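Have a look at the structure below, then the notes.
What you see is a predicted model; the values in this text were computed from it and never measured. These values consider heavy atoms only, across backbone and side chains, with no hydrogens, waters or symmetry-generated copies.
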Amino acid sequence: MAVSLLVWILLYVAQLAFYLWLLRWGGAEWVERRFAAIFLLNIFAFFWDSEQIRLYALIMLIAATVWFVIGVFAPVVRIII
């Protein structure tokens with residue numbers, strides 16, 4: 001189901017805030033070695049240190065930004081599963 005541009009932007013802003021929290025505002029240290037890492041990031045994130053969590057967040061932020069830009073110009077890719 002394709003979503004409107006407003007919803008697409010709001011979802012991206014939420015993702016951006018989450019990844020910036022991990023990268024810049026101490027989120028990686030908070031998530032490190034906690035059970036919440038499994039639910040917030042990845043099933044293997046429980047075993048990662050804060051630097052690996054930051055790398056994951058950076059890669060995912062780049063991928064999300066690329067997907068967001070594509071979705072702005074091509075509404076057919078704005079699919080939420």
Side-chain angles (χ1 to χ4, degrees):
M1 176 168 132
V3 297
S4 70
L5 183 60
L6 178 63
V7 172
W8 187 249
I9 292 170
L10 291 175
L11 288 171
Y12 176 72
V13 168
Q15 263 188 321
L16 178 68
F18 175 69
Y19 290 132
L20 285 178
W21 173 68
L22 287 173
L23 285 168
R24 306 185 101 200
W25 299 316
E29 288 81 14
W30 186 85
V31 170
E32 182 181 11
R33 304 284 185 229
R34 291 189 186 211
F35 195 65
I38 294 172
F39 299 108
L40 292 174
L41 300 172
N42 189 320
I43 194 164
F44 301 109
F46 180 77
F47 303 106
W48 297 344
D49 62 11
S50 62
E51 292 300 315
Q52 290 170 315
I53 292 171
R54 281 193 191 102
L55 177 63
Y56 175 83
L58 180 64
I59 291 169
M60 294 304 294
L61 179 60
I62 292 168
T65 301
V66 169
W67 193 251
F68 171 73
V69 171
I70 292 170
V72 166
F73 297 107
V76 71
V77 301
R78 291 185 218 156
I79 296 174
I80 299 176
I81 298 173

Of all residues at least two apart in sequence or in a different chain, which pass the side chain to side chain contact (heavy atoms under 4.5 Å, CB included) check with [X]?
X   : result
I59 : L55
L10 : L6
V72 : L5, W8, F68
L16 : Y12, L20, L61

Legend entry - side-chain hydrogen bond (donor to acceptor under 3.5 Å, both in side chains) partners of S50, counting only residues at least two apart: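 Once residues adjacent in sequence are excluded, S50 has no partner under the side-chain hydrogen bond (donor to acceptor under 3.5 Å, both in side chains) criterion.
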Legend entry - Nearest-0.5 Å distance that lies between atom OH in Y19 and atom OH in Y56: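 If we round to the nearest 0.5 Å, Y19:OH and Y56:OH are 5.0 Å apart.
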Inset, instruction - Rounded to the nearest 0.5 Å, what's the gap from CG on L23 to CE on M60? Could you check? - result: 12.0 Å
Legend entry - Selection residues 53-71 - residue pairs positive for salt bridge (charged side-chain N to carboxylate O under 4.0 Å, His left out), sequence neighbours left out: E29-R54, E51-R54
Inset, instruction - Looking only at non-hydrogen atoms, find the nearest pair between S4 and R78 and report the distance. - result: C-NH1, 3.7 Å
